[in-house]
Amino acid sequence: MSTELSDAVGDLNIEQTNENGKCENEDDDIVDPWNVVSKSQEGIDYDKLIRRFGSSKIDQEFIARFEKVTGKKVHHFLRRGIFFSHRDVHTILTHYEQNKPFFLYTGRGPSSGSMHLGHLIPFIFAKWLQDIFDVPIVIQLTDDEKFLWKDIKLEEANRLAYENAKDIIACGFDVNKTFIFSNMDFMGQNPEFYRNILRIEKCVTFNQVKGIFGFGDSDVIGKISFPAIQAAPCLSSSFPFIFGKAKVPCLIPCAIDQDPYFRMTRDVAPRLGYSKPALLHSTFFPALQGAQTKMSASDNNTAIFLTDTPKQIKNKVNKHAFSGGQATVEEHREKGGNCDVDISYQYLTFFLEDDERLEQIKKDYTSGALLTGELKKILIETLQPIVKTHQENRAKITDEIVREYMTLRKLNFQC
Ligand code: TYM
């Protein structure tokens with residue numbers, strides 16, 4: 001570790017191997033809360049990322065234990081390696097076996113009125129976790145973060161938080177077990193939240209956040225203290241109306257870009273008398289143009305939005321989805337396509353639940369029996385009803401329903 005970095009990490013004993021998860025050389029993939037870039041067409045090398053971040057791989061043994069403890073078949077996101085890495089989930093499973101409580105925590109930075117398909121991944125999975133474990137979930141909307149990072153007015157960021165809450169609620173979370181909050185509003189409603197933020201802020205130096213997040217001298221000071229705000233919901237005492245004074249362990253489903261926040265939190269939590277938050281990390285739902293980057297809301301043509309019409313979905317897939325097929329039909333029939341780089345196939349691994357059908361599609365595309373146009377058609381016909389159902393569910397979410405989820409209240413939960 002360089003002197004500069006070891007100073008930066010300081011006495012914060014960040015628990016991964018290589019220099020705070022930073023790239024070792026210029027060929028390494030870049031993965032942090034703001035950038036996801038790989039030089040490979042196949043996308044991020046997730047095994048390498050596990051080594052760099054020092055997390056644990058989700059393997060067959062993990063899945064077998066998960067199924068044994070819950071008595072349920074795991075979600076296809078786990079079966080297919082979409083959730084591929086974790087921290088301390090075995091401890092949560094042991095806790096669950098002993099009938100001890102835990103809670104889920106996840107979040108969204110509301111930078112656009114419409115979320116995209118990639119944003120749905122952690123929420124679909126979190127809802128599944130809520131159902132199988134029957135536990136409460138807290139969902140943080142970081143309107144403050146988006147105000148600080150983006151060229152966006154404060155009032156607009158706050159408005160987008162409430163818009164995005166509708167998309168999140170449309171995923172089907174149980175109102176009796178779900179609390180959603182906007183940081184801007186929650187801070188003034190609940191002193192315990194700000195007190196925990198202060199406690200965390202006192203444990204982490206500027207050098208340490210520079211080491212973890214790469215902040216520089218010209219970053220505004222709001223950014224520098226923000227990680228404490230994303231960390232604070234991991235402490236159950238931030239929600240006294242739900243947990244009272246009990247210290248309840250926390251499990252966070254998210255894509256791996258958010259891990260730096262929780263590496264920091266995992267160091268601080270024990271110093272404040274809490275257990276380290278556990279994590280389940282997902283891979284990235286890739287951009288239409290290819291797996292070198294994640295799907296992002298900032299470019300309309302890289303993303304399929306939850307507001308897109310069936311026609312827009314069809315056009316985007318046909319026009320922009322990167323193909324692993326060959327240049328001509330003859331060549332494709334002869335050599336076959338490459339599912340490892342084909343975006344339509346990649347998207348199907350997320351959204352086509354039928355394992356046998358997916359396997360057959362892979363076989364047929366790889367052998368050349370299935371053409372790129374045919375594969376794209378299968379994807380379009382898979383995505384259109386999913387997005388349509390989401391839109392129908394979202395249309396039923398009134399402001400009153402949003403208020404219900406976002407009201408500070410007791411949840412249906414015993415500590
Ligand atoms: P945000 O709004 O960037 O993303 C929301 C959630 O979606 C995940 N995500 C993706 N997952 C798969 N494929 C993609 N292409 C993709 N893009 C984004 C993110 O990892 C995240 O889980 N700072 C956070 C908000 C936040 C949060 C949290 C997230 C606050 N507290 C706790 C997770 C856990 C943010 O801006 O997320």
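Just so you know, ligand 1 is whichever comes first in the structure, and atom 1 is the first atom listed for that ligand.
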Pair Trp149 and Phe226, ring centroids less than 6.0 Å apart: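 Between Phe226 and Trp149, which both carry aromatic rings, the centre distance is below 6.0 Å.
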Validation row, ring centre Phe83 to ring centre Phe125 under 6.0 Å: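 That pair passes the under 6.0 Å test.
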Contacts of His86 that satisfy side-chain contact (heavy atoms from CB on, under 4.5 Å) - sequence neighbours left out: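 Only Ser56, Ile58, Phe62, Val89, His90, Leu280 meet the side-chain contact (heavy atoms from CB on, under 4.5 Å) criterion with His86.
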Under the side-chain contact (heavy atoms from CB on, under 4.5 Å) test, residues paired with Ile313 that sit two or more places apart: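 Testing Ile313 for side-chain contact (heavy atoms from CB on, under 4.5 Å), a comparison that skips the adjacent residues, returns Ile304, Asp308, Val317, Leu383, Gln384, Val387.
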Neighbouring protein residues of ligand 1 - any heavy atom closer than 4.0 Å: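 Ligand 1 is contacted, at a heavy-atom distance under 4.0 Å, by Tyr105, Thr106, Gly107, Arg108, Gly109, Gly118, His119, Pro122, Gln140, Thr142, Glu145, Lys146, Gln230, Ile252, Cys254, Ala255, Asp257, Gln258, Phe262, Thr283, Phe284, Phe285, Lys294, Met295.
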Pairs involving residues 382-415, ordered by first then second residue, that meet ring pair (Phe, Tyr, Trp, His ring centres under 6.0 Å) (sequence neighbours left out):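 For residues 382-415: Phe243-Phe413.
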Heavy-atom donor-acceptor pair, Ser182 side chain to Ala161 backbone, under 3.5 Å: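 No, Ser182 side chain to Ala161 backbone: no donor-acceptor pair under 3.5 Å.
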